[in-house]
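Below: one structure in structure tokens.
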Amino acid sequence: MEEAAKKGRVTPLASLFPVEEAQKAVRRVHETLSEKESELDRFRGFISDNTNLINLVQKLPEGLHHNIMVPFGKAAFFPGRLIHTNEFLVLLGEGYHVERTSKQTVEILKRRGKALQSQVESLKATMQDLKAEASFFGITASEAAEGLVEIREDYVEENFTERESQSGPPKEHPPSFSEADKVKVAVEDEEYSCMVSRLDELEKAEYEAGYGNETHEDIENVAVSDEEYARMMSRLDELEKEELEAEFVNERDEDNAKLAVNDEKYAHMIARLDEIEKEPETECGNERDEDEKIKADFDQSSDQISLDKINRFSESRKLLEQTKDKKSATEETLDKRDTQKDLTDRLNCTGLTVQSRPKEEMSHGKGLVHGIMKSTPLEKALVLPEVKENVQAASSLRSEAPLQDSKPGFDSRKAFTGSIIERAHNMQTSSSQQAATSSQSTVTQPSKPVSRFKMQRR
Amino acid sequence: MASPAALRELQRELETKADDLNKIQKDISKNHQVRKKYTIQLGENELVLKELDLLSEDANVYKLIGPVLVKQDLAEANANVRKRIEYMSAELKRLDTTLQDLEDKQNSKRDAVCLKGTTEDPITPGRESQGIVYFHTSVRA
């Protein structure tokens with residue numbers, strides 16, 4: 001949509017999967033399927049025979065002898081008597097017979113029945129697979145026949161920053177809410193997915209770097225990837241900003257201020273977690289003491305958080321209900337998704353137990369994450385209905401991370417806390433400005449333990 | 001213009017190669033059948049062994065040899081069944097290696113034939129290409 005100049009390859013599906021061949025494959029699979037079905041029928045016959053035999057064997061010892069018609073040769077019978085009604089010669093296989101009583105025979109037969117059942121189960125499983133294969137072939141055949149076309153385009157990454165600035169302005173004229181929402185959601189989703197993939201790459205690089213090299217290199221790598229990460233975050237911020245611009249025409253200042261407050265706090269919390277993750281990465285997890293110190297500090301901050309919690313919670317609740325548009329919710333979810341996913345990725349990477357620390361936040365966050373993780377692979381359209389639930393959770397999450405006092409005039413566009421480090425500090429700068437670099441990470445809140453590490457890093 | 005004699009020679013070569021390939025394919029299918037038989041027997045023997053293990057010491061075991069049901073010792077029966085199982089597993093392994101060899105040979109032969117077929121194609125689009133087509137279908141089947 002945005003990236004116009006791409007080298008694309010259009011391949012008709014028919015060329016990849018010729019129609020006749022696909023149909024032949026379907027037929028072949030059907031044949032094997034029918035074979036398996038006949039085998040299944042045979043097995044079912046065996047099982048029924050087995051059950052009948054069990055019943056007979058159980059019934060015979062009821063009398064001392066039975067009067068029967070004994071088969072004689074191929075076509076004759078003669079009347080006779082069945083004696084020793086509790087003695088059975090059971091064929092075990094390979095010509096081996098064994099003398100058993102009725103009860104023992106029944107046991108043997110039951111074991112055979114179980115073996116048969118397991119075979120039937122495995123056969124059914126194979127049949128399922130074959131059916132799936134057949135359906136796939138069928139679909140491919142029909143698609144190829146319809147002339148479906150596969151389009152491949154290269155992923156262009158170099159002009160990333162250019163795209164950021166370019167696609168910024170064009171998005172400021174939404175004709176109507178719903179249309180704009182959908183368009184923006186789609187556009188954002190695309191960019192978001194690009195950015196997420198980029199983030200994943202960066203994280204992987206960091207992770208590998210963290211466990212392969214010495215500390216200095218790590219720090220460098222981390223710093224480098226931080227910049228890229230920061231760039232992407234800033235890009236996301238711009239996107240949200242534009243969206244919010246469309247919505248918050250009237251209610252901006254008040255709501256934004258308070259929203260911003262909560263967002264900031266949340267941002268701080270996330271930033272904190274980020275640092276914690278990054279530091280052990282660089283140190284290869286040797287210096288756990290430092291980690292624990294960090295964690296202890298964070299604990300303190302979370303205690304502070306809990307104090308403010310009650311106040312903020314009700315405020316933010318009200319605010320978010322007021323400003324509950326699908327758009328903002330989408331955006332928030334996206335933010336959450338982004339940061340949460342990022343978080344969990346990082347956390348998983350480093351294997352830290354930071355998750356246990358901010359229990360309240362993360363328990364909520366985790367719940368969110370699970371919901372969000374599920375939604376990510378799904379159609380983005382589904383985000384919208386989910387958004388409403390998440391908004392509530394989001395509000396609680398934000399309230400639980402109240403880190404600082406409100407900055408009046410804060411732009412709610414900056415609600416996105418993805419650009420973890422810069423965001424928190426951008427509040428202090430002009431509200432209309434979107435944070436771009438991490439250079440503005442000057443902390444003016446010395447009361448928070450967060451600042452110490454931030455300054456260290458920058 | 002390619003001489004008809006040379007053409008016929010090439011044709012004959014192609015046919016011999018195709019025959020070889022067919023033979024190998026038959027061997028492979030025979031191998032598969034024998035393997036199947038052995039596998040089934042092996043499974044049966046394992047079942048018998050399991051049942052024999054569950055028997056008490058004084059149970060009477062009989063073996064059907066032809067039309068005769070012969071009484072056997074439980075220990076003896078156990079030993080016999082175990083021996084059979086070992087023998088059959090060894091046989092299966094041997095068959096596996098033979099199968100692998102045959103498949104390799106088949107692949108190499110197939111490549112050679114294909115090569116031959118393509119080189120002949122531009123010369124005469126007639127019988128050679130037909131032969132190749134025929135060959136391809138047989139291989140796929």
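By convention in this document, chain letters (A, B, ...) are assigned in the order of the sequence lines, proteins followed by strands, and residues within each chain are numbered from 1.
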Should B:Leu64 and A:Leu91 be marked as a side-chain contact (heavy atoms from CB on, under 4.5 Å) after you check the CA-CA gap, both sets of side-chain angles, and the distance that decides it?
-> CA-CA 9 Å; B:Leu64 187 70; A:Leu91 174 70; over 6 Å; no
Please check if atom NZ in B:Lys71 has more than 12 non-hydrogen atoms from other residues, nucleotides or ligands closer than 6.0 Å.
-> yes
Hey, could you give me the CG/OH distance between B:Asn45 and A:Tyr96, rounded to the nearest 0.5 Å?
->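 Those atoms lie 8.0 Å apart.
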All heavy atoms of A:Val98 vs all of B:Ala59, minimum pair found to be CG2-CB, 4.4 Å
Would you say A:Phe72 has more than 12 foreign heavy atoms packed within less than 6.0 Å of its CZ?
-> no
Give the C-alpha distance, both sets of side-chain angles, the deciding distance and a yes or no for side-chain contact (heavy atoms from CB on, under 4.5 Å) between B:Leu54 and A:Gln104.
-> CA-CA 10 Å; B:Leu54 285 169; A:Gln104 292 160 335; over 6 Å; no
Is the closest side-chain heavy-atom distance between A:Arg112 and B:Leu47 below 4.5 Å?
-> no
Begin from the C-alpha positions of B:Lys63 and A:Glu94 and carry the test salt bridge (charged side-chain N to carboxylate O under 4.0 Å, His left out) through to its verdict.
-> CA-CA 8 Å; B:Lys63 172 121 198 208; A:Glu94 288 290 311; 5.8 Å; no
Qualifying residue, where the test is side chain to side chain contact (heavy atoms under 4.5 Å, CB included) with A:Leu92 and the options are B:Glu44, B:Glu51, B:Lys50 = B:Glu51
Out of curiosity, A:Glu99 CD to B:Leu55 CG, how far, rounded to the nearest 0.5 Å?
-> 11.0 Å
Can you measure from NE2 (A:His97) to CG (B:Asn60) and round to the nearest 0.5 angstrom?
-> 13.5 Å
Engaged part of B:Leu74 at the chain A interface, taking heavy atoms whose separation is under 4.5 Å =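 Contact with chain A involves no heavy atom of B:Leu74 at all.
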